[in-house]
Peer 1: 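Questions regarding the structure given below will be posed in turn.
A quick note: this is a predicted structure, and the numbers were derived from the prediction, not measured.
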Amino acid sequence: MNLNDDIKDAKLMKFLSAVFYAFSSFFIIVVNKSILTHYRFPSYMFLGIGQMAATVVILYVAKMNKVVSFQDFDRSIFQKIFPLPLLYVGNHVTGLGGTKKLSLPMFTVLRKFTILLTMIMESRILRKSFPPSLVCSVLAIVLGALVAASSDLSFNAEGYTFVLMNDFFTAASGVYTKKTLGMEGLGKYGVLFYNAFIIIIPTLLASAYTGDLQQALSFDGWLSLTFIFYFLLSCVMGFILMYSIILCSYYNTALTTTVVGAIKNVAVTYVGIFAGGDYIFSWPNFIGLNICVSGGLIYSYITFNSPSSEPNMKPVEDKVAIHITGHTQGLEKT
């Protein structure tokens, strides 16, 4: 296989991993909305515990049957995986807090700052540089979000604090996931398994302490086979979503994964405009959405049509050494 074929394969994997992440993210939103809205399941936290448990069980069974392989547990795991578990918990808690305190337009615009934070952290932590055209496309996405929310500029200090902290945790989680993927022995599956394994017990204890666990277990919907199906589907989709994030971050950058998530959110809004029936039209919002889309399309074109590619584009599942170059190309919840 010549160099041109390698580059084409790398581009294809970058694109497919991004599409896989976008689809997984959209699908789990639909499933979770059905559980939490239609069935009125009372606990976000317990649903998260179910997704962590599914990740641990699926990967453990796969490892025992030699379908996947990753490092066995030892003391070095904590040093390799840290601080990902803490970032994951922080991301989950602050995300829920911000959602409750702010209107959807303001929550959406403040979440766009995750993109800027990811770019800054990648340049500082992973020593990456970005061409001016890519920086401009990112700024266009953020500007579009500001314009879209300009007609709903309500201020809530607690809500702003939660969401900005959530931006930080999301950006840091994406960057450190990319960094951890280069650890010897862990690989994609090891990062997934040990991140879920380490945080599931503290989260379960917190759920029990707050009474959330008792409320979830006493839910009447457990008598419905349809609800059980949706709950188990959400648990499996939680694993698939996390895997898609890891895969997208592996073949792309943490910034690309973040931008893909932002583009997906805008696409969902577009669907709501034409098919949802609950979109309230305003010119600032509509213009802002189109600026976001334009910035996202420019970013996508630059990212997926660059002639360069990272040297780690090989079909290796476990011992992955990721070499960060001085360019953006190589290979980022809600």
Side-chain angles (χ1 to χ4, degrees), residues 10 12-28 48 51-63 67-71 77 80-92 114 118 121-122 125-126 128 169-200 234-262 264 303 310 312-324 330-334:
L12 180 62
M13 291 307 300
K14 289 163 62 177
F15 176 75
L16 290 178
S17 63
V19 171
F20 178 45
Y21 164 54
F23 173 79
S24 301
S25 180
F26 175 77
F27 189 71
I28 198 172
Q51 293 171 354
M52 296 174 209
T55 299
V56 171
V57 171
I58 291 171
L59 288 177
Y60 181 78
V61 171
K63 179 178 171 64
V67 177
V68 302
S69 61
F70 49 86
Q71 179 181 342
I77 292 296
K80 290 179 179 180
I81 203 76
F82 187 83
L84 271 182
L86 294 180
L87 295 174
Y88 182 88
V89 173
N91 190 18
H92 182 71
T114 301
T118 302
M121 288 184 184
E122 278 201 307
I125 298 172
L126 301 181
K128 293 180 67 65
F169 283 122
T170 302
S173 180
V175 172
Y176 276 100
T177 294
K178 179 71 175 178
K179 184 177 181 180
T180 306
L181 283 170
M183 295 291 183
E184 182 74 16
L186 277 180
K188 297 188 286 292
Y189 301 114
V191 171
L192 275 175
F193 180 83
Y194 288 114
N195 189 43
F197 180 77
I198 290 171
I199 63 178
I200 189 171
S234 175
C235 292
V236 174
M237 281 305 304
F239 161 72
I240 293 175
L241 175 63
M242 291 305 299
Y243 178 66
S244 71
I245 292 172
I246 293 288
L247 204 64
C248 188
S249 296
Y250 170 62
Y251 284 111
N252 295 278
T253 63
L255 178 62
T256 297
T257 305
T258 305
V259 171
V260 168
K264 180 266 303 177
T303 299
E310 280 187 349
N312 70 317
M313 297 302 143
K314 299 178 182 179
V316 177
E317 289 297 331
D318 310 307
K319 297 182 178 180
V320 180
I322 294 182
H323 305 286
I324 304 299
L331 267 60
E332 285 197 10
K333 144 250 173 262
T334 345

Peer 1: Closest heavy-atom contact between L126 and K179?
Peer 2: CD2-CB, 3.9 Å

Peer 1: Just to verify, what does L86 make a side chain to side chain contact (heavy atoms under 4.5 Å, CB included) with, not counting sequence neighbours?
Peer 2: F82

Peer 1: Could you list all the salt bridge (Lys or Arg N to Asp or Glu O under 4.0 Å) pairs where at least one residue sits in residues 51-63, not counting sequence neighbours?
Peer 2: K63-D72

Peer 1: Which residues pass the ring pair (Phe, Tyr, Trp, His ring centres under 6.0 Å) test with F239, not counting sequence neighbours?
Peer 2: none

Peer 1: Which heavy atom of A18 sits nearest to which heavy atom of C248, and what is that distance?
Peer 2: CA-SG, 3.8 Å

Peer 1: Taking only residues two or more places apart in sequence, or in another chain, which ones meet V67 in a side chain to side chain contact (heavy atoms under 4.5 Å, CB included)?
Peer 2: A62, N65

Peer 1: Go through the structure and list residues passing side chain to side chain contact (heavy atoms under 4.5 Å, CB included) with V57, not counting sequence neighbours.
Peer 2: V61

Peer 1: For Y176 versus P83, what's the shortest heavy-atom pair and its separation?
Peer 2: CD2-CD, 3.8 Å

Peer 1: Calculate, to the nearest 0.5 Å, the distance between atoms CD1 and OH belonging to I81 and Y88 respectively.
Peer 2: 12.5 Å

Peer 1: If you look only at distance, which donor and acceptor atoms sit under 3.5 Å apart when one is on a side chain in residues 191-198 and the other is two or more places apart or in another chain?
Peer 2:
from, atom 1, to, atom 2, distance (Å)
Y194, OH, Q71, O, 2.5
Y194, OH, F73, N, 2.9

Peer 1: Can you tell me how far apart OG (S69) and CG (L59) are? Round to the nearest 0.5 Å.
Peer 2: 11.5 Å

Peer 1: Calculate, to the nearest 0.5 Å, the distance between atoms CG and OG1 belonging to L255 and T303 respectively.
Peer 2: 7.5 Å

Peer 1: Report the residues that fulfil side-chain hydrogen bond (donor to acceptor under 3.5 Å, both in side chains) with S234, sequence neighbours left out, ordered by chain and then residue number.
Peer 2: N32, Q51

Peer 1: Nearest 0.5 Å, please: how far is CE in M52 from OG1 in T55?
Peer 2: 9.0 Å

Peer 1: With sequence neighbours left out, what residues match F15 under ring pair (Phe, Tyr, Trp, His ring centres under 6.0 Å)?
Peer 2: F304

Peer 1: Quick check: closest heavy atoms across I199 and P85, and the distance to 0.1 Å?
Peer 2: CG2-CB, 3.1 Å

Peer 1: State, to 0.1 Å, how close T118 and A171 come at their nearest heavy-atom pair, and which atoms those are.
Peer 2: OG1-CB, 3.3 Å

Peer 1: Under the rule for side chain to side chain contact (heavy atoms under 4.5 Å, CB included), what residues qualify as partners of S244, not counting sequence neighbours?
Peer 2: F20, Y21, S24, L241

Peer 1: Between the side chains of S173 and T170, is a donor N or O closer than 3.5 angstrom to an acceptor N or O?
Peer 2: no

Peer 1: Take T253 and K178 through the test side chain to side chain contact (heavy atoms under 4.5 Å, CB included) and record every step on the way to the result.
Peer 2: CA-CA 7 Å; T253 63; K178 179 71 175 178; 5.7 Å; no

